[in-house]
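I'd like to ask you about the structure that follows.
We count ligands from 1, going down the list as the structure has it; atoms in each ligand are counted the same way. All heavy atoms count here, side chains included; hydrogens, waters and symmetry mates do not. Along the sequence shown, residues carry numbers from 1.
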Amino acid sequence: MTDPSNTLVLVTGSSGYLATHCVQQLLWAGYRVRGTVRSLKNEKKVAPLRALEHADERLELVVADLEQAEPWPAAVKGCDYVLHTASPFPIIADEGIVELAVNGTLFVLRACAKEPSVKKVVLTSSCAAINEGHDDEDRVFTEADYTVEDSPKVPPYSRSKAAAERAAWEFQRSIPDSDNKFALTTINPTLITGPLLMDTQGTSITIVRRFLNNEMPGTPALNLGIVDVRDVAKAHILAMTNPRTDGERILVTATPSLWFKDIAKILAAEFRSQGYWLPSLQVPYPILVLYSFFDSEAKSILMRVGRKVRFDNSKAKELLGMQFKDPAKSIVEMAYSMIERGILPKRAGYKPPTDVK
Ligand code: NAP
């Protein structure tokens, strides 16, 4: 049985949207946590981490960048477990992020293979490493599926997640017995929603920000799997100490998937009466095609329009006992936390919820 107070967990990219929840849940569970950040001088990123409950007792922060190998041996030194959540996640990605994601993951894993204390790495992958680039897009996808990395239908971010995950498995299987052969699990989330514990505006919050900031005149016919950020963090931590998950990829998602128009309806039901405008019309496909000629974002989503995505989450339920939070509630809580943190404006008529953290 693991004694959390004697257990050190490294969380890479600890100032990220998901990682801050991992750090908070680890601290609540009594673990000692080391988080990596790209700069200790970036107050906007570091201050929310230092403000987490129990951070003053059990959280240390160190600097490490995925673009360099050098910092990682010191970052993993003495750690029992590593949650590798850091990955380049730009809104518009080019092919350069594939190499960065793969190399960065290998820098972390090579350091773990030379550090005898590391028992296990839990890697944050994505559904993007599972269901992209297939011809039979309408079936239900499981952990047995792998994104077709060389398909022209696969955008660079998805390719980066698929390639980094594949590189991780190949590396872990090739570790010689003379090195530290740590166990590996990947957690593969769909779109993550839910409240923020940080203040920066990364890609993860783009969809809800655009909806409530009047930046979406209509909804494209896009369909997404959705999972609450607290569930994703919980899955990482449960997998960390559960040997039944060694060598497993685990899809984490609530079901069923939602269309953008469903997300607009959920937000409208809560926020329209509070002074926020939300789109009620779907953007017709020919308009999106026209738009895609001069908008790289519209171009990047074109191939997904009209396609319903379906995932099987039974492995997460069976191996980790996961019960997924209601996506509608998760989306509303995300929006409230973005308003409360000043990422979205408080419109006249806004009524703060009583229970937002
Ligand atoms: P996020 O807030 O942007 O977090 C990404 C983290 O990676 C940040 O801490 C970022 O550091 C770090 N990072 C990026 N480039 C780096 C580099 N060169 N060196 C060191 N650190 C670097 O996004 P998130 O939503 O929490 O994503 C966390 C993980 O979940 C990622 O692996 C992402 O691919 C995966 N994922 C996310 C979603 C989603 O819907 N959000 C869905 C599936 C999978 P800075 O804070 O310094 O930028």
Check which hydrophobic residues are tied to V309 through side-chain heavy-atom contacts below 4.5 Å, counting indirect links as well, and list them. I130, F141, L251, F311
Main chain of R310, side chain of S257: is a donor-acceptor contact present, judged purely on distance under 3.5 Å? no
Residue by residue, ordered by chain and number, which ones reach under 4.0 Å of ligand 1 with a heavy atom?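 Within 4.0 Å of ligand 1, protein side: G13, S15, G16, Y17, L18, R38, K45, A64, D65, L66, T85, A86, S87, P88, F89, T124, S125, S126, Y157, K161, P189, T190, L191, I192, S204.
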Indicate yes or no for a side-chain donor-acceptor contact from R38 to the backbone of D65 under 3.5 Å, with no hydrogens or angles considered. no
Between F89 and Y17, does the ring centroid distance fall short of 6.0 Å? no
Does R249 make a cation-pi contact with Y146, if we ask for NZ or CZ under 6.0 Å from the ring centre and within 45° of the axis? yes
Would you say V208 and Y350 are hydrophobically clustered, going by side-chain heavy atoms of ILVMFWY under 4.5 Å?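 Both belong to a single hydrophobic cluster.
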